Protein chains: 2
Amino acid sequence: MQIALPDFDRMFGALADQTRRDIVRRAIDAEEGIAELAGHYPMSFAAVQKHVAILERAGLVTKQRIGRRKVVRTNLDGLRVARRLLDRYEELWRGRVDRMTELVAEGKGTDQ
Amino acid sequence: MQIALPDFDRMFGALADQTRRDIVRRAIDAEEGIAELAGHYPMSFAAVQKHVAILERAGLVTKQRIGRRKVVRTNLDGLRVARRLLDRYEELWRGRVDRMTELVAEGKGTDQ
DNA sequence: GCATGAAACAACCATACGGTTGTATCACGG
DNA sequence: CCGTGATACAACCGTATGGTTGTTTCATGC
């Protein structure tokens with residue numbers, strides 16, 4: 001078995017829903033089971049269960065059995081994987097700006 | 001008129017597609033029009049045009065007319081808005097860990 | 001000023017998504 | 001060991017999404 005490579009479609013797709021983002025936020029404290037989470041939202045237990053399943057497949061939360069509940073816990077590493085992609089874009093942006101600055105500097109240099 | 005507040009559903013939804021993420025990456029250099037971008041993907045011009053429109057509505061790119069083309073340019077601020085939300089989750093995580101550490105420390109203190 | 005390249009818009013189709021209800025599985029507690 | 005609380009799974013429904021083709025608008029370059 002090898003570790004799963006990040007599925008950005010699933011990750012960002014999972015984050016593209018207010019309810020799921022709120023579950024991620026609540027699950028940081030890793031205190032609530034699915035039924036307890038469901039209490040916060042105007043939808044059925046099954047709907048919340050599906051949202052949790054989507055977050056789990058995306059690698060953003062894990063479930064841990066505690067007593068007869070399954071406590072949902074946010075997976076920090078998953079969040080970091082998503083964040084790093086955005087960081088990467090910012091790096092590329094910086095690289096572009098640097099390259100432009102360089103060109104301008106070269107222009108100035110040869111002009112004077 | 002007031003500035004639009006971030007629509008995370010749209011933002012993350014826009015990022016949840018490989019083609020759109022690739023457009024974001026390419027548009028960092030702000031060199032290609034939509035037709036040129038379309039050349040990179042195995043789909044129609046109209047499909048790519050729709051992807052760009054979705055990215056634009058999400059605040060992740062802008063279009064600028066240059067000659068008869070409309071050059072697509074990545075909007076760094078948009079990316080940062082998304083990134084900051086992920087940062088926020090990490091902060092909350094850190095806060096939780098700190099609180100736990102505090103509790104443990106208190107426990108130790110009273111025990112000894 | 002008009003032919004044409006480039007972008008926009010509209011209608012349509014298949015499939016994915018977010019929700020529902022109902023049924024089945026699982027594991028603890030008495 | 002069996003009742004039950006908690007979770008899982010399946011089928012279904014309406015709407016959104018990602019793609020297509022065809023038509024229209026726009027603006028430049030000759």
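Reminder, nothing fancy here: chain letters follow the sequence lines and each chain counts from 1. Note that the coordinates shown come from a computational prediction; the quantities given were computed from them, not determined experimentally. Hydrogens, waters and symmetry mates are skipped; everything else that's a heavy atom, side chains included, is used.
- Evaluated for a side chain to side chain donor-acceptor pair (under 3.5 Å) with Glu32(B), the options Lys70(B), Arg69(B), His40(B) yield exactly one hit, His40(B).
- Contact check on Arg88(A) versus Glu91(A) returns a salt bridge, with a Lys/Arg side-chain nitrogen under 4.0 Å from an Asp/Glu carboxylate oxygen.
- Distance alone, capped at 3.5 Å, is enough to place a donor-acceptor pair between the Arg21(B) side chain and the Leu15(B) backbone.
- Between Phe12(B) and Asp17(A), the closest side-chain pair of non-hydrogen atoms is not below 4.5 Å.
- Taking atom CD of Gln18(B) as the reference point, atom P of dG18(D) lies 13 Å away to the nearest angstrom.
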*For nucleotides 4-17 of chain C, just jot down a letter per nucleotide in 5' to 3' order: B, S or -, based on protein non-hydrogen atoms under 4.0 Å.*
-SSBBB-B------
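- Comment: Arg25(A) engages Asp22(A) in a salt bridge, judged by a side-chain N to carboxylate O separation of less than 4.0 angstrom.
- Counting to the nearest Å, the C1' atom of dG5(D) and the CD atom of Glu32(A) are 17 Å from each other.
- Backbone-only engagement by Gly67(A) is indicated by non-hydrogen atom pairs under 4.0 Å involving sugar-phosphate atoms exclusively.
- Between Ser44(B) and dG19(D) there is no side-chain polar atom (N or O) within less than 4.0 angstrom of OP1 or OP2.
- Looking at Arg20(B), its side chain does come within 3.5 Å of a backbone N or O of Ala14(B) through a donor-acceptor pair.
- Between Met43(B) atom CE and dT20(D) atom P the separation is 7 Å, expressed in whole Å.
- When rounded to the nearest whole Å, the span between CG of Leu55(B) and P of dT17(D) equals 14 Å.
- One atom, NE2 of His51(B), and another, P of dG18(D), lie 7 Å apart when rounded to the nearest Å.
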